[in-house]
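Below: the structure, in structure tokens.
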Amino acid sequence: MSETKIISDSKKDLLYAAELIKNGDVVGIATETVYGLGADAENEKAVEKIFKAKDRPSDNPLIVHICSMDMLESIAYDIPELAYKIADKFWPGALTMVLPKKNNIPYITSGGLDTVGVRMPLSECAREIIRLSGRPIAAPSANRSGYPSPTTAMHVYKDMNGRIPLIVDGGECMVGVESTVISFDDENTVRILRPGYVTAEQLSEIADNVIIDKAVTSELQAGQKVTSPGMKYKHYSPRADVIMVDGDDNSFYDFAKSHLGENIYFLVFENDIEHMQSDNVFSYGNDSIQQAHNLFSELRRLDDIGAEKIYVRMPEKSGVGLAVYNRLVRASGFEVLSV
Ligand code: TXA
Ligand code: MG
């Protein structure tokens, strides 16, 4: 395929992107979480192109993006009352709900499951493309399978040039990590399959019970049943080896002093920088929201400058921090060092 074109998010450009979607093409789309690779969720041939562009395993289901509650009801059924309450509070936003799928969503989109993950994005750019095309849009993160998700149009271009015809540049993503994915165990119980910007604490204000699925923080054991197929793959990982390091300030700084070296980098909190004099130390922010925003772009940056090993200071595990921790524990293949 020829060079991938990058266009703006002007009305005229969004119309063009929507035309391509209607024609069964794949388009790189800005959302508030990360960039997605969007195609008509009901068109098997179009969805097949997404899997091909990403080299994605065919049993990993895609999230379908919608712009209205009518569109939700056109693709899902048996929607619990709790789902409506949650939608009311968190949509449009960084939250995906897994619900029974209607037949118009083909099995290629749902990874062979009878359910579909649905999200109404906050990004105007994404919602306008859905509205203009009139199609529910299947969109996984726009990275090559296994790599960190893209948070700028340039990241998408690097991974996808020549693999898709078009990218819509909507600027840097506000959130920086993918949406929270939830399913419903019963009418009062939410299960978090993937943590994100919408937190367990926030969901607890609406649901009686919020369960964090085991796969969020721990490695799947052989033979264990997967609730979210994406959980079983190594993920979010740059070419470099990523290792999370847990320890108090002084132990952490001592560890860094003895482990810094050529092509060995540290990704730390903003406040750590003044205690660590080295060109190989980078910050991914102080609080969880900053860390979520910066994590993937910093991992990509370190890859670009040739890092072989990246030690990352372990984030908080509460609030949005749980999403940051979850991405890091997967990027590192569950390798956490205590110092
Ligand atoms: O923020 C996001 O969610 C981004 C943007 C583009 O919207 N999309 C995204 O898609 O992260 P993807 O494909 O990279 O991740 C989708 C995750 C996977 O872990 C997948 O297994 C899970 O959602 N998922 C999707 N449909 C599911 C289903 N029916 N049942 C269980 N898990 C599902
Ligand atoms: Mg992804």
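First listed ligand is number 1; within each ligand, the first listed atom is number 1. Throughout, numbering of the chain's residues begins at 1 and tracks the sequence.
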Check your understanding: Can you name the nearest heavy-atom pair linking Asn161 to Thr4, along with the distance?
Key ->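 Closest heavy-atom pair between Asn161 and Thr4: OD1-N, 2.9 Å.
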**Study point:** Cut-off under 2.8 Å, centre the Mg ion (ligand 2), protein N/O/S atoms
**Key:**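 Only Ser141 OG fall inside 2.8 Å of the Mg ion (ligand 2).
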Review point. When you measure from the centre of the six-membered ring of Tyr107, is the NZ or CZ of Lys101 under 6.0 Å away and within 45° of the axis?
Key: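 Judged by the rule (NZ or CZ under 6.0 Å from the ring centre, within 45° of its axis), Lys101 counts as positioned above Tyr107.
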**Study point:** Ring-face cation contact, Phe282 with Arg301, 6.0 Å cut, 45° max
**Key:**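 No, a cation-pi geometry is absent between Arg301 and Phe282.
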Exercise for review: Report yes or no: does His65 have a heavy atom closer than 4.0 Å to ligand 1?
Suggested key: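 Yes; His65 lies near enough to ligand 1 that a heavy-atom distance drops under 4.0 Å.
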Exercise for review: Could you tell me whether ligand 1 has any atom less than 4.0 Å away from a heavy atom of Ser110?
Suggested key: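 False for this residue.
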Side-chain ion pair, [X] and [Y], N-O less than 4.0 Å:
| X | Y | result |
| --- | --- | --- |
| Arg144 | Asp159 | no |
| Glu128 | Lys11 | yes |
| Asp40 | Lys45 | no |

Any idea which atoms of ligand 1 are less than 4.0 Å away from a heavy-atom of [X]?
| X | result |
| --- | --- |
| Leu113 | 28 (C), 29 (N), 30 (N) |
| Ala139 | 6 (C), 8 (N), 10 (O) |
| Gly36 | 6 (C) |
| Asn60 | 18 (C), 20 (C), 21 (O) |

If you take the nearest heavy atom of each of [options], which one is closest to [atom]?
| atom | options | answer |
| --- | --- | --- |
| atom 30 (N) of ligand 1 | Asp114, Asp59, Ile137, Val98 | Val98 |
| atom 26 (N) of ligand 1 | Ser183, Pro61, Gly111, Ser179 | Pro61 |
| atom 29 (N) of ligand 1 | Val181, Asn143, Thr31, Thr115 | Thr115 |

Check your understanding: Relative to ligand 1, is Ile29 under 4.0 angstrom through side chain, backbone, both or neither, heavy atoms considered?
Key ->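 Within the 4.0 Å criterion, Ile29 makes no contact with ligand 1.
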Review point. Do Arg119 and Thr33 get their side chains close enough for a donor-acceptor pair, meaning under 3.5 Å?
Key: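 Their side chains do contain a donor-acceptor pair, which is all the 3.5 Å distance test asks for.
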Review point. If we ignore angles and hydrogens, is there a donor and acceptor under 3.5 Å between the side chains of Asp70 and Ser68?
Key: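 No, no side-chain donor-acceptor pair sits under 3.5 Å.
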Practice item. Answer yes or no: does an N/O atom from Glu178 fall short of 3.5 Å to an N/O atom of ligand 1? Key: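 Min N/O separation from ligand 1 is not below 3.5 Å for Glu178.
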**Study point:** Arg56, any N or O under 3.5 Å of ligand 1 N or O
**Key:**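 It does: an N or O of Arg56 is found under 3.5 Å from an N or O of ligand 1.
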Review point. Are the side chains of Cys125 and Leu14 in touch, meaning some heavy atoms are under 4.5 Å apart?
Key: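 With C-beta onward as the side chain, the pair touches.
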Practice item. Report yes if the side chains of Tyr16 and Val168 come closer than 4.5 Å at any heavy-atom pair, otherwise no. Key: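 They are not in side-chain contact.
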Exercise for review: Identify which one of Tyr284, Tyr311, Tyr253 satisfies the ring-ring contact (aromatic ring centres under 6.0 Å, His included) criterion when paired with Phe266.
Suggested key: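 Checked Tyr284, Tyr311, Tyr253 against Phe266; only one passes ring-ring contact (aromatic ring centres under 6.0 Å, His included): Tyr311.
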Check your understanding: Heavy-atom count around Glu124 CD within 6.0 Å, excluding the residue itself: above 12?
Key ->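 Open.
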